[in-house]
There are 2 protein chains.
Amino acid sequence: MAKKTWKPQGQQGAGHAKPRRKRLSPEERRAQIVAAARALFAAEGIDHVSMRKIARRVGITQAAIYQHFENKEAIFFVIIEGFFGELLAALEAAVASESEPLHRLRRAMRAYIEHGLSRPEEYRLVFMTPMSGLARAGLAVPRTDEARHAPSKGSLSFDVLDGAVRDVVLAGRTRYADADLLAEAVWAAGHGLVSLLITHDKFPWTDRARLVDFQLDLIFRGLLQEGCPMRQRPFIHN
Amino acid sequence: MAKKTWKPQGQQGAGHAKPRRKRLSPEERRAQIVAAARALFAAEGIDHVSMRKIARRVGITQAAIYQHFENKEAIFFVIIEGFFGELLAALEAAVASESEPLHRLRRAMRAYIEHGLSRPEEYRLVFMTPMSGLARAGLAVPRTDEARHAPSKGSLSFDVLDGAVRDVVLAGRTRYADADLLAEAVWAAGHGLVSLLITHDKFPWTDRARLVDFQLDLIFRGLLQEGCPMRQRPFIHN
DNA sequence: CTCGATTACCTAACAGTGTTTATTTAAGCG
DNA sequence: CGCTTAAATAAACACTGTTAGGTAATCGAG
């Protein structure tokens with residue numbers, strides 16, 4: 001359970017020769033375990049990370065982990081929180097860097113795609129696994145009051161995207177009126193690309209970078225308002 | 001290995017009271033095993049189907065399965081083949097039902113999406129699992145000579161989509177010239193929708209059917225040639 | 001400094017997994 | 001009938017996540 005905090009206040013003895021069992025503070029051990037899990041996880045894939053492997057890497061026995069985490073899931077949950085935290089930061093940075101609604105949304109989508117491609121294993125866990133991190137991270141029910149009170153980084157991330165889409169709609173830059181529908185479709189298109197590239201990294205994709213650009217272009221041309229000046233000239237990449 | 005064929009030619013004895021161990025022909029057993037696996041698999045999800053469970057459902061021991069299949073994977077491989085077979089049929093039917101290139105591609109994409117949504121667990125296995133069915137089914141390397149000689153249903157399915165896209169390009173109905181790139185982007189957009197709907201079926205999607213229509217519309221508006229007459233009127237659903 | 005409480009860590013075991021081995025036995029053929 | 005083939009078995013392997021119970025390291029209180 002590890003509820004009450006406790007600290008070993010330094011290496012006081014300073015000698016101790018060979019302490020058979022090193023005792024660490026819960027915070028330190030937790031951090032070690034998460035770090036080990038994250039590393040193994042990215043290196044060997046979700047399925048091949050066992051509690052034994054994590055424990056071995058940390059230098060403790062598998063059972064010791066249960067002193068600090070209720071579950072194997074619980075470990076991955078904090079990894080997911082980190083993933084969402086950085087996703088949210090990336091999205092907010094993208095949104096803040098541009099004031100024109102369309103370009104802002106495009107930047108956000110690019111940030112989303114690049115974040116996913118840079119953390120394939122975590123992306124897979126969060127967005128491609130049944131009963132996945134999304135549900136546990138509270139994104140699955142973002143519009144309930146309950147989730148509103150304690151919004152997770154996951155739901156906040158989606159809110160950023162949703163807000164960017166909403167701004168595009170309000171600015172009259174798209175032919176579509178339903179912001180929710182548009183947000184979901186845009187998300188799906190971006191997710192599809194990330195998802196396919198992650199799962200089929202051996203597939204002879206013509207060119208990943210070009211494909212990302214192309215996909216963004218396809219989506220944004222699709223949603224543009226008829227007669228919008230941006231239609232006339234090739235889209236600017238960002 | 002089960003290479004040589006063998007048949008028990010009927011229930012000749014007709015009596016036999018209680019044969020402790022029933023012997024079946026390899027074909028029958030294989031079919032039983034696959035059927036059991038497919039059922040469990042769709043009902044309980046990929047991860048929760050064990051060899052023991054499959055065997056129990058068939059009425060044999062787990063080890064007996066290895067007489068007929070090399071692997072657990074091998075069982076799922078034949079399931080995947082079935083999935084691809086039906087996907088291919090659906091795509092070919094869609095393509096055959098329409099001569100206008102754009103509408104034909106749209107029909108094909110719709111068929112793809114609906115096929116995926118109707119078989120979520122198999123879709124997940126094929127398109128969302130690391131080292132997935134795609135690679136094993138030969139789709140991952142569709143443009144090599146090797147794969148050309150023995151084209152799988154998987155690669156043929158992609159070829160149908162690719163061909164439909166190519167026709168759109170050749171007919172001058174899109175602003176894009178690179179058919180490969182366009183095919184991949186269109187596929188990714190469709191896949192993203194299927195993938196998200198499957199994984200996050202609790203997500204408060206505004207409306208699945210509407211979302212599918214919307215996504216198709218978004219993609220097709222994006223790829224349309226400037227000045228194409230279809231631009232002026234709302235897209236026809238099919 | 002000692003006493004007691006707390007608790008990080010350990011060993012050992014549980015039930016489950018995919019897979020392999022050696023064995024049994026049902027079926028078909030000469 | 002015997003002989004061969006191979007489908008099915010029981011038993012075990014090494015692995016998985018998880019739990020129970022004991023050991024000992026570290027703390028605060030006296």
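Per chain, numbering begins at 1; letters A, B, ... match sequence-line order. Bear in mind the structure is a predicted one, so any value in this text is a computation, not a measurement.
For the pair F69(A) CZ and dC9(C) P, the interatomic distance rounds to 12 Å; values are reported in whole Å. Atom pair R56(A):CZ and dC10(C):P shows a separation of 13 Å (rounding to whole Å applied). Whole-Å rounding puts the Q62(B) CD to dA8(D) P distance at 14 Å. Distance I54(A) CD1 to dT18(D) P: 10 Å, rounded to the nearest Å. Separating the CD atom of E73(B) from the P atom of dT17(C) is a distance of 18 Å, rounded to the nearest angstrom. Distance CD1 (I65(B)) to C1' (dT17(C)): 13 Å, rounded to an integer number of Å. For the pair D47(B) CG and dG17(D) P, the interatomic distance rounds to 13 Å; values are reported in whole Å. The CD1-C1' distance, from I33(A) to dA8(C), rounds to 11 Å in whole Å.
Base engagement by T61(A) is indicated by at least one non-hydrogen atom pair under 4.0 Å involving a base atom. Heavy atoms of R29(A) sit under 4.0 angstrom from primed sugar atoms or phosphate atoms, though from no base atom. V58(A) comes within 4.0 angstrom of nothing in the nucleic acid, heavy atoms only.
Looking only at distances, no side-chain donor or acceptor of K53(A) sits under 3.5 Å from a matching main-chain atom of A37(A). Judged purely by atom type and a 3.5 angstrom limit, Q215(B) uses its side chain to pair as donor or acceptor with the backbone of A189(B). When atom types are taken as modelled, the side chain of W205(B) and the backbone of H200(B) share a donor-acceptor pair closer than 3.5 angstrom.
In this structure, of dT19(C), dA7(D), dA25(D), it is dA7(D) that holds the atom nearest to the side chain of Q67(B). Picking from dT9(D), dG18(C), dA25(D) the nucleotide with the shortest atom distance to the side chain of Y66(B) gives dG18(C). Distance from the side chain of A63(B) is smallest to dA10(D) among dA10(D), dA8(D), dC9(C). With distances taken from any side-chain atom of M51(B) to the nucleotides dT19(D), dA25(D), dG18(C), the minimum falls on dG18(C).
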Legend entry - Evaluation steps, ring pair (Phe, Tyr, Trp, His ring centres under 6.0 Å), between Y123(B) and H191(B): CA-CA 10 Å; Y123(B) 190 90; H191(B) 162 73; 5.8 Å; yes
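Residue N71(A) places at least one side-chain N or O closer than 4.0 Å to OP1 or OP2 of dT18(D). Side-chain N/O atoms of H48(A) include none lying less than 4.0 angstrom from OP1 or OP2 on dC15(D).
For the pair R52(A) and G59(A), both in contact range of DNA chain C, the more 5′-proximal nearest nucleotide belongs to G59(A).
Each of F69(B), F41(B), F83(B) was checked for a ring pair (Phe, Tyr, Trp, His ring centres under 6.0 Å) with F76(B), and the lone residue meeting it is F41(B).
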